Amino acid sequence: MTEAKIENIEDLSGVGPAVAEKFREAGLTTLEEIGTQSPGQLSDATGIGVDSCAKFIKEAGKNANIGSFLTGTELMEKRATVGKLTTGAEAFNELLGGGVETQSITEFYGQYGSGKTQFVLQLAVNATLPIEQGGLGGEVAIIDTENTFRPERIISMAKALELDPDEVLSKIHVGRAYNSHQQMLMVEKVSELAKELPIKMLAVDSLTGAFRAEYIGRGTLADRQGKINAHMTELARFGDLNNAAVVVTNQVSSNPAAFFGDPTKPIGGNIVGHTSKFRIYLRRGKAGKRVCRLVDSPHLPENEALVSITEDGIRDG
Ligand code: GTP
Ligand code: MG
């Protein structure tokens, strides 16, 4: 006999109005959101004891089919819903197997001025395009930690695609984060926003800047990596639950005497690398062009594409 499934958090055993309110205050309104938490996380977010949280997570997860095994067929079905977002450059789209994927994290890393922010802005504009035109037919959230969002640039990129610039601007939601703590909290805010709006892309520009500034010296490295890891996990979950593309930017270590010796190595190292499904290394090429190299992709060959950053935005190089 199969048990009747429950659909609302209020139906979880032991959840009365007070507990339901605590969940809501923490921005958790669905079984899926509760079922994908760890007990420690849920307890921190709600103030409910860890043991109770573990029970709620178990029951919520069971009813939302989390933590169960999926058949190959079911995974194929999930795979079929993956969207591909155009970068604006054909050669680069091909390199990525069609475009920036939803349900995954794509990381752009490179030195200052290599074009990371330009890619974020271009992808944000493109995500508002209908699916038939290489977009995701949705809205965008950008967590801006470096105050580099430029509405004027969005307007030029939108005009170049013959889109209504005001409409595009109205679909891009920018949250300024002044430190790594706010940056992490903002993912929760975006999850709330995604309940009302079709947020199909979430960008964090920069993913690592605030962490790098706040955690200085070797002694703090493990702590920093732990925080970045937790943040990446939240971002991956957002992408998964909302069928959204998650785009993050990352600087390379510019000071050879700093944490890592190699000036072409991204900050955050393997922690960021393991969670990002696509890592793209950007560097300046000849005549203002940018070389985009796909690094460590599990199912695509390591290769390069050339793009130009033009007045209209990112285009084939
Ligand atoms: P950091 O955030 O400092 O690490 O750099 P970044 O990798 O984010 O670099 P960003 O994306 O800001 O790239 C800046 C470069 O993009 C500039 O040096 C220009 O070459 C180019 N760029 C930015 N805006 C425009 C524009 O309006 N027109 C054109 N043609 N190029 C632009
Ligand atoms: Mg930037």
Side-chain angles (χ1 to χ4, degrees), residues 85-89 92 100 105-127 140-163 165 168-169 172 174-180 183 186 201-214 228 235 245-256 258-260 262-269 272 276 278-295 304-317:
L85 170 59
T86 180
T87 59
F92 189 29
V100 169
I105 299 180
T106 299
E107 174 197 357
F108 288 90
Y109 73 94
Q111 286 185 337
Y112 66 91
S114 58
K116 302 180 293 292
T117 297
Q118 294 300 308
F119 266 100
V120 167
L121 301 178
Q122 183 70 67
L123 289 167
V125 172
N126 294 355
V140 176
I142 300 177
I143 301 175
D144 182 5
T145 73
E146 307 200 310
N147 202 16
T148 49
F149 178 80
R150 293 283 170 271
E152 303 81 12
R153 188 64 173 136
I154 297 288
I155 293 173
S156 352
M157 288 173 167
K159 282 186 181 158
L161 295 175
E162 291 175 7
L163 296 169
V168 173
L169 281 173
I172 301 178
V174 184
R176 175 90 170 90
Y178 291 88
N179 55 55
S180 66
Q183 179 182 334
M186 246 164 208
M201 170 178 153
L202 166 59
V204 187
D205 185 16
S206 136
L207 174 77
T208 46
F211 290 99
R212 190 192 202 189
E214 291 163 30
I228 294 178
L235 291 171
V246 180
V247 176
V248 303
T249 68
N250 196 355
Q251 267 255 8
V252 292
S253 37
S254 47
N255 176 4
F259 311 108
F260 308 99
D262 186 347
T264 65
K265 278 252 184 332
I267 311 289
V272 180
S276 305
F278 300 92
R279 310 194 87 180
I280 294 132
Y281 176 46
L282 296 178
R283 64 176 201 275
R284 284 171 184 272
K286 283 181 196 145
K289 295 189 194 304
R290 300 296 192 280
V291 183
C292 317
R293 164 169 282 269
L294 181 67
V295 184
E304 290 184 346
L306 208 57
V307 305
S308 294
I309 305 177
T310 72
E311 284 310 308
D312 289 348
I314 309 270
R315 295 292 184 269
D316 279 300

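First listed ligand is number 1; within each ligand, the first listed atom is number 1. None of these values were measured; they are calculated from a predicted model.
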Quiz item: Which is it for Arg153 and Gln118 under the side-chain hydrogen bond (donor to acceptor under 3.5 Å, both in side chains) test, yes or no, and what are the steps along the way?
Solution: CA-CA 9 Å; Arg153 188 64 173 136; Gln118 294 300 308; 2.7 Å; yes
Exercise. Decide side-chain hydrogen bond (donor to acceptor under 3.5 Å, both in side chains) for Gln183 and Thr145; before the verdict, give the C-alpha distance in whole Å, the side-chain angles of both, and the deciding distance to 0.1 Å.
Key: CA-CA 7 Å; Gln183 179 182 334; Thr145 73; 4.8 Å; no
Quiz item: Are Leu207 and Glu107 close enough, and set up right, to give a side-chain contact (heavy atoms from CB on, under 4.5 Å), and what steps lead you there?
Solution: CA-CA 9 Å; Leu207 174 77; Glu107 174 197 357; 5.8 Å; no
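With hydrogens and angles disregarded, no donor-acceptor distance shorter than 3.5 Å links the side chain of Asp312 to the backbone of Ala160.
Here the side chains of Phe149 and Leu121 are in contact, with some heavy-atom distance below 4.5 Å.
The aromatic rings of Phe119 and Phe108 lie parallel to each other, their planes meeting at an angle below 30°, with 60° marking the opposite boundary.
Within 4.0 Å of ligand 1, heavy atoms belong to protein residues Gln111, Tyr112, Gly113, Ser114, Gly115, Lys116, Thr117, Gln118, Glu146, Arg153, Gln251, Arg284, Arg290, Ile309, Thr310, Glu311.
Here Thr117 meets the criterion, with an N, O or S atom under 2.8 Å of the Mg ion (ligand 2).
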